Amino acid sequence: MRHLLPVLGPLDLDLTFGCGQAFRWKREGDAWAGIVGFAEARLRPGVPDGSLQLEVIGEDPGASAWSDYFRLGEDPTIHLEGVESLRALPGFMPLLGLRLLRQEPWETLASFVCSAAANIPKITRSVEGIADRFGTLIPGSARRSFPVPSVLAKARESDLRALGMGFRAPYLLETARRLDRDPIPWAALRSMPIEEARERLQRLPGVGAKIADCVLLFGLDRLDAYPVDRWIRRATLELSGRRRAKDRELDAWALQLGPARGYLQQLLFHLRRTGGPLPALPRGRR
DNA sequence: TCCTCTCCTTGCTT
DNA sequence: AAAGCAAGGAGAG
């Protein structure tokens with residue numbers, strides 16, 4: 001099945017798939033191929049500006065679902081309202097082609113449990129390895145879906161360690177088992193106060209504040225979640241002009257970045273990691 | 001209750 | 001080649 005989807009605003013696939021929010025997209029020459037649910041999608045370049053062409057193998061959820069997944073209906077520029085000062089950061093504006101994907105919550109949770117003290121290639125190996133070993137083959141594709149909790153719950157710790165997951169293996173296994181017994185009310189987490197949603201996720205082993213915020217941001221459409229990792233710690237310290245601060249204080253400082261601070265976090269993460277120190281934002285905010 | 005330190009796996013880099 | 005490093009978390013003290 002093929003779709004030609006209209007795109008509002010800028011779109012940069014390399015940034016979108018390479019920024020560390022999703023781990024099942026691979027660059028194939030000029031194209032990008034990825035697994036979403038029970039589908040394999042392939043995006044091809046050379047399409048007129050303002051649209052995205054994708055080819056789908058497996059269970060196609062339909063055009064509107066894809067548009068929703070890629071967040072094509074909203075121009076990311078709207079997230080700059082109220083934080084005009086960020087526009088002035090060198091290299092910031094071109095990053096707006098990065099689209100925050102709307103991913104499935106469980107797969108997002110499992111992926112970020114794998115992310116602890118790892119890097120993107122390692123996380124990718126873990127996630128892809130889990131799918132290869134425990135997922136369901138997608139008809140017409142050589143790749144597999146990500147296994148649901150009840151399937152992963154039956155795994156052995158040694159199976160996961162064999163994938164190179166190390167100390168994260170027991171965390172993921174126990175998290176899968178708990179979700180199998182006692183499913184998380186995902187819908188409720190989308191609307192409850194952010195601190196409450198975070199606390200709920202942090203009950204799971206292998207899930208601290210940072211990973212809980214990643215799940216909220218990447219899997220539950222909570223753009224108000226601001227994950228503080230080592231890069232964002234540095235970036236936020238610099239922007240705020242402070243010498244040192246606790247993660248909680250940085251999280252509180254980020255409130256001034258508005259309701260879409262999670263999206264801005266993603267751009268700042270990339271900017272800090274690839275571009276070096278950031279200049280302090282002018283006082284009085286904005 | 002809160003803070004700080006250490007350990008936990010692996011594989012790639014310096 | 002040993003040490004450092006990578007989108008952290010848990011447990012001890």
Side-chain angles (χ1 to χ4, degrees), chain A residues 14-25 95 98-101 103 105 107-130 132-133 155-179 195 198-220 222-223 225-239 242-252 254 261-276 278:
Chain A
D14 289 346
L15 269 176
T16 298
F17 299 128
C19 70
Q21 63 170 321
F23 304 98
R24 301 218 63 197
W25 288 90
L95 298 180
L98 191 159
R99 297 289 174 143
L100 218 52
L101 302 172
Q103 302 183 75
E107 182 175 336
T108 307
L109 168 60
S111 298
F112 279 90
V113 167
C114 296
S115 78
N119 51 27
I120 293 173
K122 175 161 182 153
I123 304 165
T124 303
R125 273 195 303 278
S126 297
V127 174
E128 197 65 24
I130 291 166
D132 281 342
R133 176 73 179 73
R156 290 175 307 187
E157 186 181 320
S158 58
D159 294 328
L160 296 180
R161 285 186 179 270
L163 299 175
M165 289 194 55
F167 62 87
R168 307 158 193 88
Y171 293 159
L172 180 59
L173 188 54
E174 182 55 26
T175 285
R177 288 179 176 166
R178 286 201 202 172
L179 262 61
E195 298 80 7
R198 226 183 177 189
E199 186 280 328
R200 178 68 185 84
L201 290 169
Q202 286 193 111
R203 291 183 208 164
L204 299 167
V207 182
K210 191 273 176 179
I211 290 178
D213 281 339
C214 285
V215 175
L216 289 166
L217 179 59
F218 302 130
L220 291 163
R222 292 297 297 252
L223 302 194
Y226 189 84
V228 178
D229 74 334
R230 52 183 87 191
W231 290 100
I232 284 299
R233 195 172 301 133
R234 281 189 276 243
T236 312
L237 273 173
E238 290 159 6
L239 289 175
R242 309 181 88 180
R243 181 166 290 280
R244 53 177 301 167
K246 296 166 206 162
D247 287 358
R248 274 197 302 284
E249 299 171 322
L250 296 176
D251 187 52
R261 53 190 173 276
Y263 177 67
L264 302 174
Q265 180 271 6
Q266 193 61 15
L267 306 191
L268 292 172
F269 171 76
H270 193 275
L271 198 61
R272 182 61 183 79
R273 203 167 60 136
T274 61
L278 303 177

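Just so you know, these numbers come straight off a predicted model, no measurement behind them. Atom set for the values below is all heavy atoms of this structure, side chains included, hydrogens, waters and symmetry mates excluded. Note on naming: letters A, B, ... go to the chains in the order of the sequence lines (proteins, then strands), and numbering restarts at 1 for each one.
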Peer 1: Quick check for you: to the nearest 0.5 Å, what is the distance between Lys210(A) atom NZ and Gln202(A) atom CD?
Peer 2: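 Answer for the NZ-CD pair, Lys210(A) versus Gln202(A), is 12.5 Å.
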Peer 1: So, do Lys122(A) and Ser115(A) sit near enough that their side-chain heavy atoms are less than 4.5 Å apart?
Peer 2: no
Peer 1: Tell me: CG of Leu15(A) to P of dA7(C), nearest whole Å?
Peer 2: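 Answer to the nearest Å: 16 Å.
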Peer 1: Looking at the side chain of Arg244(A), which of dT4(B), dA7(C), dT9(B) is the nearest nucleotide?
Peer 2: dT4(B)
Peer 1: If you measure from CZ on Arg273(A) to CG on Leu271(A), what distance do you get to the nearest 0.5 Å?
Peer 2: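 Result: 11.5 Å between the selected atoms.
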Peer 1: Is the shortest side-chain heavy-atom distance between Ser126(A) and Arg168(A) below 4.5 Å?
Peer 2: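 Result no, sub-4.5 Å side-chain heavy-atom pair not found.
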Peer 1: What is the nucleic acid contact for Leu217(A), judged by heavy atoms within less than 4.0 Å: base, sugar-phosphate only, or nothing?
Peer 2: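 Here Leu217(A) touches no strand at all.
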Peer 1: Which comes earlier along DNA chain C counting from the 5' end, the contact point of Pro205(A) or that of Ile232(A), where each point is its nearest nucleotide?
Peer 2: Ile232(A)
Peer 1: Expressed in whole Å, how much space separates the P atoms belonging to dC2(B) and dG8(C)?
Peer 2: 24 Å
Peer 1: Does Cys114(A) reach a base, just sugar-phosphate, or nothing at all? Heavy atoms under 4.0 Å.
Peer 2: nothing
Peer 1: If the P atom of dG9(C) is compared with that of dC12(B), how far apart are they to the nearest Å?
Peer 2: 24 Å
Peer 1: If you measure from the P atom in dG4(C) to the same atom in dT6(B), how many Å do you get, rounded?
Peer 2: 13 Å
Peer 1: Using a strict threshold of under 4.0 Å (side-chain N to carboxylate O), is an ion pair present between Glu238(A) and Arg234(A)?
Peer 2: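 Judged by the 4.0 Å cut-off on N to carboxylate O distance, Arg234(A) and Glu238(A) do not form a salt bridge.
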Peer 1: Find the distance Phe167(A):CZ to dG11(B):C1' and express it as a whole number of Å.
Peer 2: 13 Å
Peer 1: Report yes if a donor N or O on one partner sits less than 3.5 Å from an acceptor N or O on the other, where the partners are the side chain of Lys122(A) and the base of dT9(B); otherwise report no.
Peer 2: yes
Peer 1: Assign Arg272(A) to base, sugar-phosphate, or nothing according to its heavy-atom contacts below 4.0 angstrom with the strands shown.
Peer 2: nothing
Peer 1: Considering only atom P, compute the distance from dC3(B) to dA7(C) and round it to an integer number of Å.
Peer 2: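 After rounding to an integer number of Å, I get 25 Å for this pair.
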Peer 1: Does the side chain of Thr16(A) come within less than 4.5 Å of Gln21(A)'s, by heavy atoms?
Peer 2: yes
Peer 1: Should the ring pair Phe17(A) and Trp25(A) be called parallel, tilted or perpendicular, given that the plane angle runs from 0 to 90° and is split at 30 and 60?
Peer 2: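 Plane angle under 30°, so parallel.
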Peer 1: Please evaluate the base of dA10(C) for a donor-acceptor partner in the side chain of Gln202(A) within a cut-off of under 3.5 Å?
Peer 2: no
Peer 1: When the distance from CZ of Arg248(A) to C1' of dC2(B) is rounded to whole Å, what number comes out?
Peer 2: 8 Å
Peer 1: What integer distance in Å separates Ile130(A):CD1 from dT10(B):C1'?
Peer 2: 14 Å
Peer 1: Work out which heavy atom in Leu173(A) is nearest to a heavy atom in Glu157(A); give both atom names and the distance.
Peer 2: CD2-N, 3.5 Å
Peer 1: Would you say Arg125(A) reaches dG11(B)'s phosphate, i.e. side-chain N/O to OP1/OP2 under 4.0 Å?
Peer 2: no
Peer 1: Ile123(A) has an atom CD1; how far is it from atom P of dT9(B), in whole Å?
Peer 2: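 The answer, rounded to whole Å, is 18 Å.
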Peer 1: Considering only atom P, compute the distance from dC7(B) to dA3(C) and round it to an integer number of Å.
Peer 2: 14 Å
Peer 1: Using the C1' atom on both, measure dA10(C) against dG11(B) and round to a whole Å.
Peer 2: 23 Å
Peer 1: Do Phe269(A) and the base of dA7(C) stack face to face, with centres under 5.5 Å apart and an angle between planes under 30°?
Peer 2: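 So Phe269(A) counts as stacking on the base.
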Peer 1: Side-chain N or O of Arg168(A) less than 4.0 angstrom from OP1 or OP2 on dT9(B)?
Peer 2: no
Peer 1: If we only count heavy atoms from C-beta on, is the Leu239(A) to Leu268(A) side-chain gap below 4.5 Å?
Peer 2: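 With C-beta onward as the side chain, the pair touches.
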Peer 1: With heavy atoms under 4.0 Å as the rule, sort Phe23(A) into base, sugar-phosphate or nothing.
Peer 2: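 Nothing, no nucleic acid heavy atom in range.
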Peer 1: What's Val228(A) touching, base or sugar-phosphate or nothing? Going by heavy atoms closer than 4.0 Å.
Peer 2: nothing
Peer 1: Take atom CZ of Arg230(A) and atom C1' of dC5(C), then tell me their distance rounded to the nearest Å.
Peer 2: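 Spelled out: CZ on Arg230(A) to C1' on dC5(C) is 7 Å.
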Peer 1: Report the stems of DNA chain C as range-with-range entries sorted by first number; a stem here is at least three consecutive pairs, Watson-Crick or G-U wobble, both distances under 3.5 Å, and write none if there are none.
Peer 2: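 Stem list for DNA chain C: B:3-8 with C:8-13, B:10-14 with C:2-6.
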Peer 1: Answer with base, sugar-phosphate or nothing: what part of the nucleic acid does Gly164(A) contact at a heavy-atom distance below 4.0 Å?
Peer 2: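 Touches sugar-phosphate only.
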Peer 1: Counting just side-chain N and O atoms, does Lys210(A) come under 4.0 Å of either OP1 or OP2 of dG9(C)?
Peer 2: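 Negative; the distance criterion is not met.
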